[in-house]
Amino acid sequence: MAAPDNLHEDVLQRVQKDNRRFLRANIRVGDLDRTIKFYTEFFGMKVLSRQDFPDQKYSTAVVAYGPEESHFVLGLTHHHDAAEKLDIGTAFDHFGLATQDVYGTVEKIRAAAGVITREPGPIAEGGRTIFAFVNDPDGYSFELILRPPTPEPLCQICLNVTDIDRSIEFYQKALGMNLLLQKYDAPQFQYTIAMVGYGDDFTQTTIIELKYNYNVTEYIKGNGYAMLAIGTDDVYKSGADVEPVNKELGGQTIRPPAVNPKTNTKITCFLDSDGFETVLVDNQDYAHFNRKSKDE
């Protein structure tokens with residue numbers, strides 16, 4: 001894959017000076033109480049906030065391993081009496097959690113009649129990384145990865161893509177991400193993966209794992225996984241940086257930079273070349289919104 005061209009060098013230099021951070025991912029759930037119970041009891045997450053909106057017929061919660069000011073969080077939304085059934089689809093693959101006890105966590109979930117989709121162990125005989133896969137009550141897949149203590153246990157979002165080179169290039173050029181794990185081809189399992197994100201060590205931060213499954217040309221988006229939010233110091237410049245990449249690689253801006261009246265935060269939203277949504281959020285506005293939410 002070719003390195004980013006000169007047209008994007010100024011963008012990449014600006015992004016390197018920007019305070020980019022993965023803020024949150026939003027998903028829809030079928031039963032908020034059930035999901036919170038599972039994530040807190042088995043994954044060790046904490047509930048940071050919970051709100052009910054009876055007039056709009058939905059409820060939300062935020063769960064994570066630490067405060068929103070410093071940690072990547074999961075936003076959960078439950079629609080009351082939703083006519084449209086929850087459908088996770090096939091495009092979203094899984095979340096990754098770093099833990100010091102993969103085996104113990106799996107046994108706790110098994111004892112509670114949870115779903116284990118891959119038993120703990122290395123990817124192949126002699127492998128060093130121990131991991132397992134489990135499903136939450138809605139069927140969202142979680143990879144449990146054996147690691148020492150890490151600043152960000154909620155460490156991975158895996159997305160299925162149809163052209164991994166194009167996807168890597170999109171996230172490098174549009175969002176200034178680094179290629180933290182070069183393409184790894186696993187023909188015995190019929191897939192290729194790569195990891196992109198900020199920083200220089202994928203074990204110490206949250207990353208996006210891009211996964212190409214051999215001969216799969218189309219996925220079902222569903223209505224479960226909603227979006228990824230990333231912080232930036234300047235939404236307007238960052239939004240403008242995405243536009244030429246959209247034209248080159250097939251993305252689409254769905255909300256130009258502007259103030260979101262509901263949260264009073266400056267944001268912009270776009271779809272990548274596979275239709276996954278990213279929201280860029282002003283860092284100062286995000287911090288102010290979190291402080292205000294705690295005071296209310």
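Residue numbers start at 1 and run along the sequence shown. The model shown is predicted, which means the values in this text are computed figures rather than measured ones.
Here OG1 of Thr60 is found 11.5 Å from NE2 of His78. Values are rounded to the nearest 0.5 Å. To the nearest 0.5 Å, atoms CG (Asp87) and CD1 (Ile220) are separated by 6.5 Å. The CG atom of Leu180 sits 11.5 Å away from atom CD of Gln204, with the distance rounded to the nearest 0.5 Å. Within the model, atoms CG of Leu271 and CE of Met227 stand 12.5 Å from one another, a figure rounded to the nearest 0.5 Å. For the atom pair Thr162 OG1 and Tyr212 OH, the distance stands at 8.5 Å (nearest 0.5 Å). If you take OG1 on Thr265 and CG on Asn290, they are separated by 10.0 Å, rounding to the nearest 0.5 Å.
No cation-pi contact links Lys108 to Phe42, judged by a cut-off of 6.0 Å to the six-membered ring centre and 45° from its axis.
The side chain to side chain contact (heavy atoms under 4.5 Å, CB included) test applied to Asn264 returns Val259, not counting sequence neighbours. Phe276 is linked by a ring pair (Phe, Tyr, Trp, His ring centres under 6.0 Å) to nothing, counting only residues two or more places apart in sequence or in another chain. Residues that satisfy the ring pair (Phe, Tyr, Trp, His ring centres under 6.0 Å) test with His94, not counting sequence neighbours, are Phe133. Every residue was checked against the ring pair (Phe, Tyr, Trp, His ring centres under 6.0 Å) condition with Tyr286, not counting sequence neighbours, and none meets it. Remark: Phe95 pairs with Phe92, Phe142 by the ring pair (Phe, Tyr, Trp, His ring centres under 6.0 Å) rule, at least two apart or across chains. Scored by the side-chain hydrogen bond (donor to acceptor under 3.5 Å, both in side chains) test, Asn215 finds no partners at all (sequence neighbours excluded). For Arg147, the salt bridge (charged side-chain N to carboxylate O under 4.0 Å, His left out) criterion is met by no residue, not counting sequence neighbours. For Lys37, the side-chain hydrogen bond (donor to acceptor under 3.5 Å, both in side chains) partners at least two apart in sequence or on another chain are Glu41. With sequence neighbours excluded, the residues satisfying salt bridge (charged side-chain N to carboxylate O under 4.0 Å, His left out) with Arg50 are Asp33.
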Go through Lys183 and Asp165 one step at a time and tell me if the salt bridge (charged side-chain N to carboxylate O under 4.0 Å, His left out) criterion holds. CA-CA 9 Å; Lys183 283 194 303 180; Asp165 289 318; 2.9 Å; yes
Show your reasoning for whether side-chain contact (heavy atoms from CB on, under 4.5 Å) applies to Phe43 and Thr99. CA-CA 9 Å; Phe43 295 157; Thr99 175; over 6 Å; no
Could you walk me through whether Leu228 and Ile208 satisfy the side-chain contact (heavy atoms from CB on, under 4.5 Å) test, starting with their C-alpha distance in whole Å, then the side-chain angles of each, then the deciding distance to 0.1 Å, before giving a yes or no? CA-CA 10 Å; Leu228 168 68; Ile208 299 174; 3.7 Å; yes
Using the side-chain contact (heavy atoms from CB on, under 4.5 Å) rule, take Ser238 and Asp18 through it: C-alpha gap first, then chi angles, then the decisive distance, then the call. CA-CA 9 Å; Ser238 296; Asp18 196 4; 3.8 Å; yes
Could you go step by step and tell me if Phe289 and Val281 meet the side-chain contact (heavy atoms from CB on, under 4.5 Å) rule? CA-CA 11 Å; Phe289 174 76; Val281 185; over 6 Å; no
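At a cut-off of 3.5 Å, with distance as the only test, no side-chain donor of Tyr198 or Asn19 sits close to an acceptor on the other residue. A side-chain N or O of Asp201 and one of Thr203 form a donor-acceptor pair less than 3.5 Å apart. Neither side chain, Thr90 nor Asn160, offers a donor N or O lying under 3.5 Å from an acceptor on the other. Between the side chains of Asp200 and Asn178, no donor-acceptor pair of N or O atoms lies under 3.5 Å.
Phe22 and Tyr140 fall within a single hydrophobic cluster, where Ile, Leu, Val, Met, Phe, Trp and Tyr are joined by side-chain heavy atoms under 4.5 Å apart, directly or via other members.
Side-chain heavy-atom separations under 4.5 angstrom define the hydrophobic clusters, and the remaining members of the one that includes Val216 are Tyr219. Think of Phe53 as one node in a network of Ile, Leu, Val, Met, Phe, Trp and Tyr side chains linked at under 4.5 Å; its network also takes in Tyr58.
A salt bridge (Lys or Arg N to Asp or Glu O under 4.0 Å) check over residues 261-281, counting only residues at least two apart or in different chains, returns the pairs Arg166-Asp274, Lys266-Asp285.
Atom CD of Gln56 sits in a crowded spot, with more than 12 heavy atoms from other residues, nucleotides or ligands closer than 6.0 Å.
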